[in-house]
Amino acid sequence: MKNLIYLLTISLLSFTSYSQEKRCKKIIKNGFKTVLYEEFKSVVNKDTIKLNEVKYECVHTAMYTKKVMYDKFGKWHKEIYPNKERHPMLIWENIKLFANDSTKFTIATNGLESIETIYASILVFDENNNDLLAKSSPYRDKLVDYFGKLIINNNDKKEDFYDIYWKTVNSNK
């Protein structure tokens with residue numbers, strides 16, 4: 001698991017941003033406009049690492065995936081602060097998502113609010129660090145649907161996540 005966290009950190013540090021037009025003319029509360037599948041490549045010790053991230057775009061808050069995971073599974077296990085950013089990625093480990101499936105998942109949640117876009121995102125791995133959002137993964141569509149439904153069914157009145165999140169973020173300044 002340490003290797004996965006290390007690879008996530010290195011890969012996130014190597015992402016490059018690009019200019020784009022404003023894509024979210026309207027944000028959607030408890031919903032999203034588009035699901036984006038993005039593949040990132042990073043070179044670590046001469047090895048190319050590919051990570052797949054699913055982004056739910058034009059959401060009301062970039063924290064949706066973080067909040068819905070907290071609401072369903074409690075406090076996260078780790079935080080990663082890529083590029084010394086203020087908002088961390090939150091990592092949940094050994095999470096069983098689906099009934100009748102013993103697979104335990106590692107879920108990394110992230111998000112971005114910028115002038116061009118706003119999205120909440122996920123990266124998902126199994127116990128063997130397989131990228132479950134890869135095109136060839138039998139879990140890909142099931143995971144995208146699962147997290148999409150969590151966003152749509154988000155309970156706005158449940159706000160404990162924000163208290164714990166901001167205490168954590170502010171204590172790491």
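The chain is numbered in sequence order, starting from 1.
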Centroid-centroid distance, Tyr139 to Tyr146, less than 6.0 Å: no
N-O pairing of Lys167 and Asp163 below 4.0 Å: no
pair Phe161-Lys158: side-chain heavy atoms closer than 4.5 Å: no
Check: Tyr37 side chain, Ala134 main-chain N or O, donor-acceptor pair, under 3.5 Å: no
CA sep, side-chain torsions, deciding dist, call: Asn154, Asp71, side-chain contact (heavy atoms from CB on, under 4.5 Å): CA-CA 9 Å; Asn154 172 53; Asp71 288 350; 3.9 Å; yes
Pairwise side-chain contact, Leu132 with Phe125, heavy-atom cut-off 4.5 Å (strictly under): no
Donor-acceptor pair, side chain of Lys67 and main chain of Asp156, under 3.5 angstrom: no
Shortest non-hydrogen contact between Lys33 and Cys58, atoms and distance: CB-CB, 3.6 Å
Minimum heavy-atom distance between Ala62 and Ile118, given as atom pair plus value: N-CD1, 3.9 Å
side-chain contact (heavy atoms from CB on, under 4.5 Å) evaluation trace for Phe32 with Phe147: CA-CA 11 Å; Phe32 47 91; Phe147 283 94; over 6 Å; no
His77 and Ile91, any side-chain heavy atoms less than 4.5 Å apart: no
Atom of Lys96, atom of Phe73 and distance for their closest heavy-atom approach: O-CE2, 3.7 Å
Close side-chain approach of Trp76 to Ile164, heavy-atom, < 4.5 Å: yes
Non-hydrogen atoms of Leu123 and Leu133 that approach each other most closely: CA-CD1, 3.8 Å
Any donor-acceptor pair under 3.5 Å from Asp101 side chain to Thr103 backbone: yes
Asn30 and Tyr64: side chain donor to acceptor below 3.5 Å: yes
Heavy-atom pair of closest approach, residues Ala108 and Met89: CB-CE, 3.5 Å
Cluster check Ile152, Leu36: I/L/V/M/F/W/Y, side chain < 4.5 angstrom: no
Verdict with supporting geometry, Glu38 and Tyr119, side-chain contact (heavy atoms from CB on, under 4.5 Å): CA-CA 12 Å; Glu38 296 198 4; Tyr119 66 81; over 6 Å; no
Min side-chain heavy-atom separation Ile122-Met69 under 4.5 Å: no
4.5 Å side-chain heavy-atom contact, Arg140 and Val124: no
CA sep, side-chain torsions, deciding dist, call: Asn110, Thr65, side-chain contact (heavy atoms from CB on, under 4.5 Å): CA-CA 7 Å; Asn110 201 13; Thr65 51; over 6 Å; no
Donor-acceptor contact present, side-chain Glu57 to main-chain Thr34, <3.5 Å: no
Atom NZ of Lys72: over 12 foreign heavy atoms under 6.0 Å: no
Beyond-backbone contact of Asp131 with Ser137, side-chain heavy atoms, under 4.5 angstrom: no
Donor-acceptor contact below 3.5 Å, side chain Asn155 vs main chain Lys157: yes
Geometric class of the Tyr165/His87 ring pair [parallel <30°, tilted 30-60°, perpendicular >60°]: parallel
Min side-chain heavy-atom separation Leu97-Lys142 under 4.5 Å: no
Expected output: side-chain Trp92 to main-chain Gly74 donor-acceptor under 3.5 Å: yes
Donor-acceptor contact present, side-chain Lys55 to main-chain Leu112, <3.5 Å: no
Asn153 (side chain) donor-acceptor with Lys149 (main chain) under 3.5 angstrom: yes
